[in-house]
Amino acid sequence: MANAVQAIRGMNDILPAESPRWQFVEARFGQLMAGYGYQQIRLPIVEKTELFKRSIGEVTDIVEKEMYTFADRNGDSLSLRPEGTAGCVRAAIQNGLLNQGTQKLWYAGPMFRHERPQKGRYRQFYQLGVEVFGLPGPDIDAELIILTARLWQQLGLADDVRLELNTLGTSEARRAYREVLVEYFSAHQAQLDEDSQRRLHSNPLRILDSKNPDLQALIEAAPRLQDHLDSESAEHFARLRELLEAVGIEYRVNPRLVRGLDYYAKTVFEWVTDRLGAQGTVCAGGRFDGLVEQLGGKPTPAMGFALGMERLVALLDEHPFDETPYRPHAYLVLPGAEAEVAGLRLAEQLRDACPLLRLQVHCGGGSLKSQMKKADRSGAALALILGEEELSSQHVMVKDLRGDTRQKGVAQAQLAAFLARHFSLA
Ligand code: ATP
Ligand code: MG
């Protein structure tokens, strides 16, 4: 046999055994978005490299070392998208969406970062994300947090995650704070690691985000952004906290939460879990009021978040999961050539009469016994058997594969109604 080609490290196949959980999350998210009046936007996976440099920031992990960048055949530098916000902002500007009033948008799809693959961290991973354009107030910040809280509830994960919240101030306040930080870290320059040395002048806020244990004491003692906050951001943050408290959302203010991308200002938040080890951030977002203008659009306030599908699915794996809705209701068993003809016809009649029915028709022939084995393995609740006797009497034998209800004959003419009733298919 020839050598089999392997997938790229960090780029996973989502196999059939795992896909029900993915479908579950995606379906709940889609329903949630419709329920809050958000519209889907579908974006390209490849964009000009410049877009990411100008939005995420040149001195960030993503742009410095994680992007999949390549030259197009005509020489343009392109990149696989490492996140969704930049493309979404580009699309909103380019298509004039920002002149059409408030935009509440969501997207889903794969992102690409050349990181070290490990549990919860991959090179191709999937995000569900939301971006809202045109709303400057804390009410929309609150709405995004509230709707994510509802999502955890609907996924049965409410007890697994907690909310961390911070404000970064306006970009002006951050500029002033930045000077204070540079002064502080410069005074302790010898203690900084290589990454932090480099960031000292280009992006000192990111030093606060460092995971290096040797730096934690230094970071802990650093001047706090809270003490350099502008009054506009402080009021915005206070109002957000008030709104969250009014609807009973618990949170912890984490003054060290800065997020790894340059474009955030004011509100930032993360939903984190202790159940997944080091990769504990399930969902992260914040306000990015300056980004639209930075990318050539008219000044437009904006707020968004993205959640990591792999980490959510990993959390779901920790709980019992009901696969029944992802399995067939019924499996049609057709022993013999004559049954095959009648069975195919019957199956289509059932589908006409009962569009919500999940019916798997046996293909590939074989004995009654081997077909019954496959019916069982399919996970179906019922086997519908079309044997010789049933053929001549225009019945099917209905066998309960999961319980111990006695099998019984049902007239083919009554079968659709029987199944609709049995499975409550309105
Ligand atoms: P982290 O701190 O874990 O590196 P991040 O700040 O880089 O996360 P964001 O860019 O904010 O992450 O992306 C939002 C979410 O996407 C994260 O909270 C996480 O759930 C998920 N995510 C980010 N990078 C990866 C990755 N390489 N593999 C799997 N999921 C990821
Ligand atoms: Mg990261």
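Predicted model only: the values in this text are computed from it and were never measured. Below, each value reflects all heavy atoms present in this structure, side chains not excepted, and no hydrogens, waters or symmetry copies.
A donor-acceptor pair under 3.5 Å is absent between the side-chain atoms of E348 and the main chain of R345, judged by distance alone. A donor-acceptor contact shorter than 3.5 Å links the side chain of N254 to the backbone of R256. Using modelled atom types, no side-chain atom of T167 and backbone atom of F237 make a donor-acceptor pair closer than 3.5 Å. Between the side chain of Q103 and the backbone N or O of L98 there is no donor-acceptor pair closer than 3.5 Å. In this structure, D13 contributes its side chain and L15 its backbone to no donor-acceptor pair below 3.5 Å. The backbone N or O of N203 sits nowhere less than 3.5 Å from a side-chain atom of R198 that would complete a donor-acceptor pair. Side-chain atoms of Q118 come within 3.5 Å of backbone N or O of R116 as a donor-acceptor pair. Listed for the S19 side chain is no donor-acceptor partner under 3.5 Å among the backbone atoms of W22. Within the 3.5 Å criterion, the main-chain N or O of L334 finds no donor-acceptor partner in the side chain of E340. At distances below 3.5 Å, at least one donor-acceptor pair connects side-chain atoms of N212 with backbone N or O atoms of D214.
More than 12 heavy atoms of other residues, nucleotides or ligands lie within 6.0 Å of CD in Q349, so this atom counts as buried by the packing criterion. With a 6.0 Å radius and a threshold of 12 heavy atoms from other residues, nucleotides or ligands, Q23 has its CD atom above the threshold. For R150, the CZ atom sits in a loose shell: 12 or fewer heavy atoms of surrounding residues, nucleotides or ligands are nearer than 6.0 Å. The local environment of CG in N3 is sparse, with at most 12 non-hydrogen atoms from other residues, nucleotides or ligands closer than 6.0 Å. More than 12 heavy atoms of other residues, nucleotides or ligands sit less than 6.0 Å from atom CD of E18. The 12-atom threshold is exceeded at CD of E323, counting heavy atoms of other residues, nucleotides or ligands nearer than 6.0 Å. Residue E245 places its CD atom among more than 12 non-hydrogen atoms of other residues, nucleotides or ligands, all under 6.0 Å distant. Heavy-atom contacts from other residues, nucleotides or ligands closer than 6.0 Å to NZ of K48 number 12 or fewer.
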Checklist entry - Do D274 and R162 pass the salt bridge (Lys or Arg N to Asp or Glu O under 4.0 Å) test, and can you show the C-alpha distance, the side-chain angles, and the key distance before you say yes or no? => result CA-CA 9 Å; D274 299 321; R162 56 186 154 67; 2.7 Å; yes
Item to check | Derivation of the side-chain contact (heavy atoms from CB on, under 4.5 Å) call for R90 and L295 | outcome: CA-CA 7 Å; R90 182 210 39 77; L295 290 178; 5.6 Å; no
Item to check | T281 and R311: CA distance, side-chain angles, deciding distance, side-chain contact (heavy atoms from CB on, under 4.5 Å) verdict | outcome: CA-CA 8 Å; T281 306; R311 295 182 195 179; 4.1 Å; yes
Next on the checklist: Determine whether T69 and F52 satisfy the following criterion, side-chain contact (heavy atoms from CB on, under 4.5 Å), listing intermediate values before the conclusion.
Outcome noted: CA-CA 11 Å; T69 296; F52 302 116; over 6 Å; no
Item to check | E64 vs V59, side-chain contact (heavy atoms from CB on, under 4.5 Å): CA-CA, chis, key distance, verdict | outcome: CA-CA 6 Å; E64 278 181 336; V59 195; 3.5 Å; yes
Checklist entry - Would F29 and W106 count as a ring pair (Phe, Tyr, Trp, His ring centres under 6.0 Å) if you check the C-alpha gap in whole Å, the side-chain angles of each, and the deciding distance to 0.1 Å? => result CA-CA 10 Å; F29 189 76; W106 67 274; 5.6 Å; yes
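Atoms CE and CD1, from M303 and I140 in turn, are 8.0 Å apart once rounded to the nearest 0.5 Å. Once rounded to the nearest 0.5 Å, the distance linking CD1 of I62 with CD1 of I56 reads 4.5 Å. For the atom pair NZ of K53 and OG of S79, the computed distance is 8.0 Å after rounding to the nearest 0.5 Å. Once rounded to the nearest 0.5 Å, the distance linking CG of L419 with CG of L356 reads 12.5 Å. Residue L240 holds its CG atom at 12.0 Å from OG of S233, rounded to the nearest 0.5 Å. A distance of 13.0 Å separates CZ of R224 from CG of L229, quoted to the nearest 0.5 Å.
L80 places a side-chain heavy atom less than 4.5 Å from the side chain of F70. K374 has its side chain out of reach of Q360: every pair of non-hydrogen atoms, C-beta onward, lies at least 4.5 Å apart. Between I146 and Y36 there is a side-chain heavy-atom pair separated by less than 4.5 Å. Counting heavy atoms from C-beta on, the side chains of F112 and M11 come closer than 4.5 Å. Here the side chains of H329 and L425 are in contact, with some heavy-atom distance below 4.5 Å. Taking the side chain as every heavy atom from C-beta outward, L165 and L244 approach each other to under 4.5 Å. Side-chain contact check for T273 versus L157: every heavy-atom pair is 4.5 Å or farther apart. Two residues are said to be in side-chain contact when any heavy atoms from C-beta on lie closer than 4.5 Å; L208 and L225 fail this criterion.
Between the side chains of Q226 and N166, a donor-acceptor pair is found at a separation under 3.5 Å. Counting only N and O atoms by type, the side chains of Y122 and Q279 include no donor and acceptor under 3.5 Å apart.
Shortest non-hydrogen contact noted between R287 and P301 is NH1-CB, 3.8 Å. Between L43 and A91, the shortest heavy-atom distance links the atoms CD2-CB, 3.6 Å. The two atoms that bring D400 and G403 nearest to each other are OD1-N, 3.0 Å, heavy atoms only. Between R351 and L359, the shortest heavy-atom distance links the atoms NH2-O, 2.7 Å. For A17 against P20, the heavy-atom pair with the smallest separation is O-CD, 3.7 Å. Here the closest heavy-atom approach between residue L391 and residue A342 is recorded as CD2-CB, 3.5 Å.
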Under 3.5 Å donor-acceptor pairs involving side-chain atoms of residues 123-137, not counting sequence neighbours:
residue : atom : partner : partner atom : Å
R123    : NE   : E115    : O            : 2.7
R123    : NH1  : H114    : NE2          : 3.4
R123    : NH2  : E115    : O            : 3.2
Q124    : NE2  : Y126    : OH           : 2.9
E131    : OE2  : T85     : OG1          : 2.7

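Aromatic pair F321/F24: centroids less than 6.0 angstrom apart.
Remark: of the listed residues R199, R121, R113, R199 is the sole one forming a salt bridge (Lys or Arg N to Asp or Glu O under 4.0 Å) with D61.
Relative ring orientation between Y264 and F288 is described as perpendicular, the plane-to-plane angle rising above 60° on a 0-90° scale split at 30° and 60°.
Using a 4.0 Å cut-off between charged nitrogen and carboxylate oxygen, R206 and D209 count as a salt-bridge pair.
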